[in-house]
Participant: 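Mind having a look at this structure? Questions to follow.
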Amino acid sequence: MPATDEELMHRFQKGDRTAFADLVERYRQPAVHFSLRMLHDRDQAEDMAQEAFARILLRSGGWTGRARFTTYLFTILKNLCIDELRWRSRWGHSPDYQSLEAPDTGSSPEAQVVTAEERRLVRTALEQLSPDHKAALLLREFHGLSYEEVAGVMGWTDSKTKITIYRARLALGRVLQAKEGGAADAAR
Amino acid sequence: MRHDENWELLLAEYIDGTLSPADLRQVEAHLTACPICREGLAAARSGQATLASALPVGAIPETGDFLEAVERRADRAALSTGSPEGQAPSWSQRLLARLGGPEQAAPAFWFLLCLPVLALAQAPGRLLIGPAVIALCIGLAIEYASTSEAVYHD
């Protein structure tokens, strides 16, 4: 049975660098994916993931074992991405969705019925969320973190986390409903 | 807590299918009676379903040097934020780390060192003495930082 993340972290804290390498191998992809969805820039996403792991490497004692390793990793990553988004908003940088690959429409029936226009609308609505609300939503929807874990990453209460994620989903859905309403009006 | 927030809490988990049987019955009974929550739930489900395909990311190609890049970053960060043991770096060490480490800083050091000499050679007037001295000081600071690198490495 493979070692758990927490076992690897304990081994790393005792000086085992191969345990750290295993953690990097295990979480490189999720870390880059999270950053990519936050920032829409492949090179920067890779940079952010490297920076997060570098901080863990540098301060191995920062993880006390109270939280899961994923909570620790995503907390660092979320802070890095939010800082970057704030810097961008200060300088008027707009997201570039070209960095995201074309969807794999064969993966699920839902994906096949979602049009390019709907994707564009949802992305626009997503950018209107605050960076921390967006981070919370992504962690829940794409990285399988429980509400309690998302709350740990964001430093929120469980209630605030659930309500924020529900409202973020609602905001995205309302944009689609408005579009459908507009199309129905136009057809009349 | 307001009516909306109370139900939003439960609806968040209803969407994920993580409600207890008792809460599930309570929510379903409420949904039959409350058009606002029913409509909100439909919108939230639609938003959630579209989100998955709105932000697709493919597999990140294996670059092979990811771990090495992480270790290089950690080394540079150790220079800029102090040793893991907590020893704070001087401003010149932070400057050196910003420049990318002693190896990358060497050309900048030599350039800055040559600048005042060139300035004095071309125009020995008084106006250039001030900037020349400042450039020399910066060069010496970088030189100092590069020689004290050993403090931060095993």
Side-chain angles (χ1 to χ4, degrees), chain A residues 20-21 24-25 28-29 32-33 36-37 40 42 45-46 49-51 53-55 57-61 97 100-105 107-108 110-112 114 118-123 125-126 137-138 140-142 146-147 159 161-163 165-177, chain B residues 1-2 4-16 18-19 36-37 39-86 97 152 154:
Chain A
F20 177 75
V24 170
E25 177 64 26
R28 183 183 78 98
Q29 193 103 229
V32 177
H33 279 171
L36 183 54
R37 287 190 174 104
H40 313 296
R42 280 193 179 273
E46 188 104 355
Q50 286 175 4
E51 182 64 26
F53 283 115
R55 291 185 183 199
L57 180 58
L58 197 62
R59 295 174 218 138
S60 61
Y97 292 105
L100 297 175
E101 288 178 0
D104 174 13
T105 49
S107 58
S108 72
E110 291 83 7
Q112 289 178 22
V114 175
E118 285 172 332
R119 282 197 294 273
R120 190 190 63 76
L121 285 169
V122 167
R123 287 170 178 177
L126 199 61
L137 183 66
L138 295 181
R140 177 73 190 135
E141 298 293 354
F142 291 104
S146 68
Y147 286 115
S159 300
T161 305
K162 286 176 191 171
I163 290 173
I165 290 174
Y166 179 77
R167 286 181 184 171
R169 288 167 172 166
L170 193 59
L172 303 187
R174 292 252 193 263
V175 169
L176 295 173
Q177 283 182 337
Chain B
M1 189 176 283
R2 291 186 295 123
D4 287 358
E5 287 186 347
N6 195 17
W7 288 111
E8 280 172 345
L9 267 175
L10 292 168
L11 289 173
E13 292 209 68
Y14 182 77
I15 290 176
D16 295 335
T18 53
L19 281 177
I36 296 170
C37 284
E39 184 273 330
L41 177 68
R45 275 184 163 153
S46 157
Q48 184 191 29
T50 313
L51 181 63
S53 59
L55 294 177
V57 288
I60 305 297
E62 284 293 333
T63 53
D65 61 353
F66 188 89
L67 183 60
E68 287 84 353
V70 168
E71 287 169 341
R72 278 197 303 275
R73 265 173 194 274
D75 287 345
R76 281 208 302 272
L79 278 170
S80 63
T81 59
S83 67
E85 291 75 29
Y152 296 99
D154 293 333

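From a predicted model like this one, the values you see are computed outputs, not experimental measurements. Protein chains get the first letters and strands the later ones, always in sequence-line order, with residue 1 at the start of each.
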Participant: Measuring from atom CG of A/Leu58 to atom CD of B/Glu71, what distance do you get when rounded to the nearest 0.5 angstrom?
Facilitator: 12.0 Å
Participant: Within the structure provided, determine whether B/Arg73 and A/Arg55 are in side-chain contact (heavy-atom separation under 4.5 Å).
Facilitator: no
Participant: What's the separation between atom CZ in A/Arg119 and atom CG in B/Leu51, rounded to the nearest 0.5 Å?
Facilitator: 12.5 Å
Participant: Let me confirm one number: the CD1-CD distance from A/Ile163 to B/Glu8, rounded to the nearest 0.5 Å.
Facilitator: 6.0 Å
Participant: Using a 3.5 Å distance criterion without hydrogens, assess whether the side chain of A/Arg174 forms a donor-acceptor pair with backbone atoms of B/Ala43.
Facilitator: no
Participant: Go through the structure and list residues passing salt bridge (Lys or Arg N to Asp or Glu O under 4.0 Å) with A/Arg120, not counting sequence neighbours.
Facilitator: A/Glu117
Participant: Would a 4.5 Å heavy-atom cut-off, applied to side chains only, mark A/Leu172 and B/Thr50 as touching?
Facilitator: no
Participant: Between CG of B/Leu55 and CG of A/Leu36, what distance do you get to the nearest 0.5 Å?
Facilitator: 9.0 Å
Participant: Which atom names give the shortest non-hydrogen contact between B/Leu41 and A/Tyr166, and what distance separates them?
Facilitator: N-OH, 3.4 Å
Participant: One thing to verify: whether A/Glu51 and B/Arg76 come together as a salt bridge, which I'm taking to mean a side-chain N less than 4.0 angstrom from a carboxylate O.
Facilitator: no
Participant: Any side-chain heavy atom of B/Leu67 within less than 4.5 Å of one from A/Glu25?
Facilitator: no
Participant: Measuring from A/Ser146:OG to B/Glu13:CD, what's the distance to the nearest 0.5 Å?
Facilitator: 10.0 Å
Participant: Quick check on A/Ile165 against chain B: is it the side chain, the backbone, both or neither that has a heavy atom closer than 4.5 Å?
Facilitator: neither
Participant: With a 4.0 Å cut-off, would you call B/Asp16 and A/Lys162 a salt bridge?
Facilitator: no
Participant: Heavy-atom cut-off 4.5 Å, strictly under: side chain, backbone, both or neither for A/Ala45 against chain B?
Facilitator: neither
Participant: I need the residue from A/Ala171, A/Ala168, A/Gly61, A/Gly173 with the largest number of non-hydrogen atom pairs under 4.5 Å to chain B.
Facilitator: A/Gly173
Participant: Is chain B contacted by the side chain of A/Leu121, its backbone, both, or neither, given a heavy-atom distance below 4.5 Å?
Facilitator: neither
Participant: Given heavy-atom pairs under 4.5 angstrom as the criterion, report whether the side chain, backbone, both or neither of B/Ile15 touches chain A.
Facilitator: side chain
Participant: State, to 0.1 Å, how close A/Leu176 and B/Ser46 come at their nearest heavy-atom pair, and which atoms those are.
Facilitator: CD1-OG, 3.4 Å
Participant: Under 4.5 Å from any heavy atom of chain B, what part of A/Phe142 do you find: side chain, backbone, both or neither?
Facilitator: side chain
Participant: Quick one: CD on B/Glu68 to CD on A/Gln50, what's the gap to the nearest 0.5 Å?
Facilitator: 10.0 Å
